[in-house]
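Heads up, the thing below is written out as structure tokens.
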Amino acid sequence: MEFKNSYLQGVYDTVARRNQGEPEFLQAVREVLESFEPVLEKRPELAETGIIDRIVEPERFITFRVSWVDDSGKVQVNRGYRVQFNSAIGPYKGGLRLHPSVNASVIKFLGFEQVFKNSLTGLPMGGGKGGSDFDPKGKSDGEVMRFCQSFMTELYRHIGPDTDVPAGDIGVGAREIGYLFGQYKRLTNQFTGVLTGKGLTYGGSLVRTEATGFGLCYFTQEMLSVMKKDSFAGKTVVISGSGNVAIYACKKATELGAKVVAMSDSNGYVYDPAGINLDVVRQIKEGRRGRIKEYVEAVPAATYTEGCRGIWGIKCDIALPCATQNELDGADADKLIANGVMAVAEGANMPSTPEAIEKFQKAGVLFGPAKAANAGGVATSGLEMCQNSMRYSWTFEEVDQKLHDIMVGIFHNAYSASQEFGAPGNLVMGANIAGFLKVADAMKWQGVAY
Ligand code: NDP
Ligand code: 2IT
């Protein structure tokens with residue numbers, strides 16, 4: 001699709017030329033630039049000051065070799081990445097992903113999204129992301145530890161509590177953050193808040209584990225309330241994935257009165273018409289790093305189906321994609337719409353393809369985009385940084401209340417921007433614009449770097 005605005009077309013063409021073979025990054029940039037068409041009509045100076053030309057180019061992109069020795073004594077080599085995308089409003093901030101699909105395109109799309117997401121939280125955090133093509137599946141604790149130590153042995157020179165603060169993402173949870181933190185401390189002789197998602201005994205924040213899933217539900221609840229005078233109560237919910245985000249989305253949706261009937265992993269999905277028993281899922285996933293198909297051993301009334309995409313064929317009122325990018329395409333959207341879905345909110349980053357988003361919006365389905373809907377994780381990371389700076393910790397209730405208020409604020413910020421820029425209720429556009437304007441203003445005041 002061509003842009004109406006020739007300046008935006010030029011920016012996109014440059015990004016496409018510079019980042020060939022990087023489809024995820026180009027997908028993320030295209031969506032954001034499309035949202036800027038009405039902004040440029042009202043604010044042409046944003047083009048004149050080159051802010052959009054600059055915002056699509058990472059400030060720094062680092063790749064490095066990560067070599068480590070496996071349990072059989074063999075040397076393994078992976079590639080490590082950190083993109084420091086934008087520091088206009090605060091130190092770079094964003095997760096680390098360990099998954100065999102990680103490459104430059106995936107890291108850059110995630111880093112780009114993070115810039116706008118972090119801005120929406122209202123906290124002073126720039127955007128970054130990192131990771132490696134290391135596959136944690138089937139690795140021993142010792143192998144994961146040696147990988148993390150080797151990864152940090154390079155990464156530590158690029159990060160710091162006032163420079164760049166990594167956290168978790170796919171394949172990186174409490175275990176990996178612990179090993180990374182331990183190695184950073186050994187290398188620098190400093191105990192600082194250089195990572196978030198830390199364990200509670202060494203500087204972690206209460207609610208960080210739950211934050212992305214809880215925040216997703218707080219956002220969705222507000223969206224339902226304001227735009228449909230409705231709520232989670234009595235609704236049937238389908239959640240893809242069964243990792244950190246999916247588990248705590250399931251917990252909060254259930255607490256808010258919904259029935260979650262399906263969850264998945266990359267192999268397949270379980271359908272439990274009585275409502276997912278989250279204790280069983282947690283034992284499988286958090287306890288023994290098992291597969292979702294083991295659910296039916298504990299709950300024989302549930303069914304397991306091979307192949308993760310079939311989950312979108314299950315009838316539901318609310319769909320929460322919480323696994324990975326492009327996991328929900330146009331055909332999946334057709335099935336959800338035919339089954340009467342009323343709201344879709346993204347726990348994962350960019351889980352819906354552009355075709356799927358267009359279909360939801362045309363069908364009048366409420367759509368909460370990732371940048372806004374899953375910002376609760378990084379928001380609580382921001383609260384962890386705040387507590388680390390104060391050398392203090394808040395109670396669970398205090399952090400949860402702040403998270404709730406931030407998510408409600410993000411919804412209203414995105415919703416207001418959608419109205420102000422002529423697309424009422426289009427939260428994709430609203431979130432992109434609201435996130436952008438704060439960063440753009442900060443970039444304008446800080447001048448062009450020569
Ligand atoms: P986890 O590693 O805890 O869980 C990931 C889940 O997604 C697993 O069930 C995994 O299945 C599934 N999954 C991963 N990759 C694929 C794939 N290629 N195809 C199908 N399923 C896949 O990660 P998180 O829960 O932390 O992250 C999930 C999503 O949420 C990601 O998009 C992440 O970027 C996003 N996110 C995470 C935040 C956080 O705080 N953790 C914050 C905001 C967004 P399997 O076990 O089979 O691989
Ligand atoms: O995508 C995300 O926002 C995250 N993985 C969380 C990042 C963070 O710094 O907490």
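Keep in mind that this is a model prediction, so the values were computed, not measured. Atoms within a ligand are numbered from 1 in the order they appear, just like the ligands themselves.
Atom numbering of ligand 2 starts at 1 in the shown order; those under 4.0 Å from a heavy atom of Lys93 are 8 (C), 9 (O). With ligand atoms numbered from 1 in the order given, ligand 1 contributes 29 (C), 30 (O), 32 (O), 35 (C) to contacts under 4.0 Å with heavy atoms of Ala348. Each of the following atoms of ligand 2 lies closer than 4.0 Å to a heavy atom of Lys129: 1 (O), 2 (C), 4 (C), 5 (N). For ligand 1 and Lys137, the ligand atoms under 4.0 Å from any heavy atom of the residue are 45 (P), 46 (O), 47 (O), 48 (O). Less than 4.0 angstrom separates some heavy atom of Arg97 from each of these atoms of ligand 1: 31 (C), 32 (O), 33 (C), 34 (O). Of all the atoms in ligand 2, the ones that sit under 4.0 Å from a non-hydrogen atom of Ser381 are 8 (C), 9 (O), 10 (O). Near Ala167, with a cut-off below 4.0 Å to any heavy atom, the atoms of ligand 2 are 8 (C), 9 (O), 10 (O). Short contacts between ligand 2 and Lys117, defined as distances under 4.0 Å to a heavy atom of the residue, involve ligand atoms 1 (O), 2 (C), 3 (O).
With respect to the salt-bridge test (charged N to carboxylate O, under 4.0 angstrom), the residues Lys252 and Glu255 qualify. A salt bridge does not link Arg54 with Glu57: none of the charged nitrogens is closer than 4.0 Å to a carboxylate oxygen. Ion pairing between a basic and an acidic side chain is recognised when a charged N comes within 4.0 Å of a carboxylate O; Lys108 and Glu22 show such pairing. Note on Asp71 versus Arg146: salt bridge recorded, some NZ/NE/NH1/NH2 to OD/OE distance being below 4.0 Å.
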Set out, in order, the CA-CA distance, both residues' side-chain angles and the distance that settles side-chain contact (heavy atoms from CB on, under 4.5 Å) for Phe109 and Met350, then state yes or no.
CA-CA 9 Å; Phe109 115 65; Met350 207 167 77; 3.5 Å; yes

Check against ring pair (Phe, Tyr, Trp, His ring centres under 6.0 Å), Phe181 and Phe191:
CA-CA 9 Å; Phe181 183 79; Phe191 192 114; 5.1 Å; yes

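Under 4.0 Å from ligand 1, not a single heavy atom of Glu327 appears. With a heavy-atom cut-off of 4.0 Å, Glu113 does not touch ligand 2 at all. At a 4.0 Å heavy-atom cut-off, ligand 1 touches Arg208 through the side chain alone. If you look at Asn349 next to ligand 2, the close heavy atoms, those under 4.0 Å, all belong to the side chain. At a heavy-atom cutoff of 4.0 Å, ligand 1 is contacted by the backbone of Cys322 but not by its side chain.
Of the protein's heavy atoms, Asn244 N, 2.9 Å lies nearest to atom 3 (O) of ligand 1. Counting protein heavy atoms only, atom 4 (O) of ligand 1 is closest to Gly243 CA, 3.3 Å. With hydrogens left out, the protein atom closest to atom 45 (P) of ligand 1 is Ser266 OG, 3.5 Å, a heavy atom.
Of the listed residues (Thr324, Thr212, Thr196, Asp169), the one carrying the non-hydrogen atom nearest atom 43 (C) of ligand 1 is Thr212. Among Ile170, Asn349, Thr380, Val245, the residue whose heavy atom sits closest to atom 5 (C) of ligand 1 is Ile170. Nearest to atom 5 (N) of ligand 2 by heavy-atom distance, out of Ile170, Asp169, Val172, is Asp169. Considering only non-hydrogen atoms, atom 28 (C) of ligand 1 lies nearest to Ala323 out of Ala370, Ser242, Ala323.
Taking the six-membered ring where tryptophan is involved, the planes of Trp68 and Phe134 are perpendicular, since the angle between them exceeds 60° and thus also 30°. Taking the six-membered ring where the residue is Trp, Phe214 and Tyr218 present perpendicular rings, their angle passing 60° and hence far from 30°. Ring geometry, Phe85 versus Phe25: the interplanar angle falls from 30° to 60°, so the pair is classed tilted.
Of all the heavy atoms in Ile292 and Met263, the pair that sits closest is CG1-O, 4.3 Å.
Remark: the backbone N or O of Phe219 is not paired with any side-chain donor or acceptor of Glu222 at under 3.5 angstrom. Here the side chain of Glu346 pairs a donor or acceptor atom with the backbone of Ala370 at under 3.5 angstrom.
Counting protein heavy atoms under 4.0 angstrom from atom 10 (C) of ligand 1 gives zero.
The closest approach between Met350 and ligand 1 stays at or above 4.0 Å for every heavy atom of the residue. Using 4.0 Å as the threshold, Arg208 has a heavy atom nearer than that to some atom of ligand 2. Residue contacts with ligand 2 include Gly168, since one of its heavy atoms falls under 4.0 Å from the ligand. Within the 4.0 Å heavy-atom shell around ligand 2 one does not find Met125.
Seen from the ring of Tyr202, Lys185 does not count as a face-on cation partner, given the 6.0 Å and 45° thresholds.
Backbone and side-chain nitrogen or oxygen atoms of Gln114 are examined, and one is located within less than 3.5 angstrom of a nitrogen or oxygen of ligand 2.
Counting heavy atoms of neighbouring residues, nucleotides and ligands inside a 6.0 Å radius, atom NZ of Lys293 does not exceed 12 of them.
Residues Glu327 and Thr324 have side chains that never bring a donor and an acceptor to within less than 3.5 angstrom of each other.
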